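Quick caveat, the model's predicted, so the values are computed rather than measured. First listed ligand is number 1; within each ligand, the first listed atom is number 1. Atoms considered below: every heavy atom in the structure, side chains included; atoms not considered: hydrogens, waters and symmetry mates. Quick note: residue numbers are just sequence positions, from 1.
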Amino acid sequence: MAELRHPALRRAFFTMAANAISQLPADNGLEVGFAGRSNAGKSSAVNTITGQNSLARTSKTPGRTQQIIFFSLDEQRRLVDLPGYGFAKVPFEVKDHWRNLMEGYFRQRASLKGLVLVMDVRHAMRDYDQIMLDWCEATKTPVHVLLTKSDKLSRGAASNELQKVRKELQKWKVDHEVQLFSSLNAVGLEPVLAKLCTWLDLPPLETT
Ligand code: GDP
């Protein structure tokens, strides 16, 4: 079987974590953000996309420290793991810190070329997702929506969700695409890899 992961993404390595806008690395080159509510499956998606089982931390624990995490592919290209939250009882301080950090990042980050927005296919387009879409619209950042955990639904039900989300996304004036994905069986890997190659100016993946 052809190897679907891109060699440049396989090389991704942790470089730093920023807890405040003042700690962000130099704003040059190209980067792609990954965002999603807690437990949506974002860390699993980052691991699946890079072909590295433990690059991003996967955990069921809510309320971990809210940081922006940088993974470098090379001097000029980065994947950025943005903090999520989503459990009902998020303390105000956590939400406030999250909002300041994220809003600051979106507003000033010239190297941000696109956002991969990860949603659990069974719980898509929640408040968190809508806020992210608002910021992408405001900053003209294109969005690639991954409806992940598609293995948890039948093919028909997953396809229904895809259509519903596709329709809802029309409300935002933002360049967007949406697809089904699963980290469990790597369904939907190819389209997201192709999008990352475009955004990060990488040679396209050859699957011969
Ligand atoms: P994060 O909080 O968004 O980073 O979510 P994680 O990647 O830590 O995933 C949350 C939970 O969902 C974990 O128990 C994962 O094993 C599970 N999970 C993530 N992606 C998938 C998937 O595609 N299919 C299934 N069945 N479970 C998944």
Exercise for review: For N19 and H97, test the side chains for any donor-to-acceptor distance below 3.5 angstrom and give the result as yes or no.
Suggested key: yes
With heavy atoms and a 4.0 Å threshold, my read on which part of L184 contacts ligand 1 is both
The answer for which part of S183 has a heavy atom under 4.0 Å from ligand 1 is both
A student checking ligand 1 against T148 at a 4.0 Å heavy-atom cut-off should list atoms 23 (O)
ask   = Any chain of hydrophobic side-chain contacts (each under 4.5 Å) joining L184 to L147?
value = no
Test salt bridge (charged side-chain N to carboxylate O under 4.0 Å, His left out), reference K42, set D129, D120, D81, output is D81
Near A40 (heavy-atom distance under 4.0 Å), the atoms of ligand 1 are 3 (O)
Heavy-atom contact under 4.0 Å between S182 and ligand 1?
yes
Check: How about Q170: does its CD atom have over 12 heavy atoms from other parts shown lying under 6.0 Å from it?
Finding: yes
Problem set entry | S150-ligand 1 polar pair, N/O distance under 3.5 Å | no
With heavy atoms and a 4.0 Å threshold, my read on which part of K152 contacts ligand 1 is side chain
In this structure, CD of E137 is separated from CH2 of W172 (nearest 0.5 Å) by 8.5 Å
inquiry  = Side chains of S44 and N47: any donor to acceptor distance under 3.5 Å?
reply    = no
So is there a nitrogen or oxygen of S44 less than 3.5 Å from a nitrogen or oxygen in ligand 1?
yes
A student checking ligand 1 against R37 at a 4.0 Å heavy-atom cut-off should list atoms 3 (O)
If we number the atoms of ligand 1 from 1 as shown, the ones under 4.0 Å from a heavy atom of G41 are 1 (P), 3 (O), 5 (O), 6 (P), 7 (O), 9 (O), 19 (C)
Check whether the ring centres of Y105 and W135 lie less than 6.0 Å apart, and answer yes or no. no
More than 12 heavy atoms of other residues, nucleotides or ligands under 6.0 Å from CG of N28: is that the case?
yes
Any heavy atom of N39 under 4.0 Å from ligand 1? The part involved is both
